[in-house]
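See below for the structure under consideration.
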Amino acid sequence: FWEMFLWGLNESIGVQKYKATDMGGSMFVHAFGAYYGVAATWFFQPKRTAESKNLQDGYISEVTALLGSIFLWMYWPSFNGALAVGAA
């Protein structure tokens with residue numbers, strides 16, 4: 001129940017306040033899923049999350065995450081907006 005309410009709130013803020021056009025409907029749902037997943041992980045097991053051995057990182061994983069984030073930041077909106085017609 002709460003997931004759908006918060007997703008709808010997320011999309012309405014993006015569309016009405018920021019005037020964002022999401023042609024495929026994937027930008028809002030994927031961004032919401034990412035934030036919701038991180039918040040749910042922390043909310044349901046905060047102590048276990050903080051003490052997890054999976055929190056170890058390395059130089060290669062950080063560089064890979066950085067490059068992937070830059071790639072998505074540059075190309076994801078243009079990929080979803082390719083079918084848009086007219087001026088925004």
Side-chain angles (χ1 to χ4, degrees):
F1 171 74
W2 289 109
E3 295 92 356
M4 293 304 294
F5 173 75
L6 294 173
W7 170 78
L9 180 65
N10 178 49
E11 186 169 10
S12 66
I13 289 171
V15 171
Q16 294 174 3
K17 183 174 180 172
Y18 294 115
K19 308 288 188 226
T21 303
D22 189 9
M23 292 300 296
S26 64
M27 285 180 21
F28 290 123
V29 75
H30 284 98
F32 171 74
Y35 293 127
Y36 190 85
V38 169
T41 300
W42 181 82
F43 178 76
F44 290 119
Q45 298 180 352
K47 185 176 180 182
R48 185 174 173 195
T49 302
E51 296 173 356
S52 174
K53 294 180 182 176
N54 292 330
L55 290 176
Q56 298 174 354
D57 58 354
Y59 178 75
I60 298 298
S61 70
E62 290 180 357
V63 171
T64 304
L66 175 69
L67 294 175
S69 298
I70 291 171
F71 182 80
L72 285 174
W73 179 72
M74 290 189 312
Y75 294 113
W76 190 16
S78 62
F79 172 75
N80 285 327
L83 300 176
V85 178

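Here the structure is a predicted model, which means the values were calculated and not measured.
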Measuring from atom [atom1] of [X] to atom [atom2] of [Y], what distance do you get when rounded to the nearest 0.5 angstrom?
X: Leu67; Y: Glu62; atom1: CG; atom2: CD; value: 12.0 Å
X: Thr41; Y: Arg48; atom1: OG1; atom2: CZ; value: 10.5 Å
X: Gln45; Y: Glu51; atom1: CD; atom2: CD; value: 11.5 Å
X: Ile60; Y: Thr64; atom1: CD1; atom2: OG1; value: 6.0 Å

Tell me whether [X] shares a hydrophobic cluster with [Y], the cluster being built from Ile, Leu, Val, Met, Phe, Trp, Tyr side chains joined at under 4.5 Å.
X: Met74; Y: Leu66; value: yes
X: Tyr36; Y: Phe44; value: no
X: Phe5; Y: Val29; value: yes

Query raised in the report: Is there a side-chain contact between Tyr35 and Asn10 (heavy atoms, below 4.5 Å)?
Result: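 No. Closest side-chain heavy atoms not under 4.5 Å.
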Query raised in the report: Phe28 and Phe32: aromatic ring centres closer than 6.0 Å?
Result: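 Phe28 vs Phe32: aromatic centres not under 6.0 Å.
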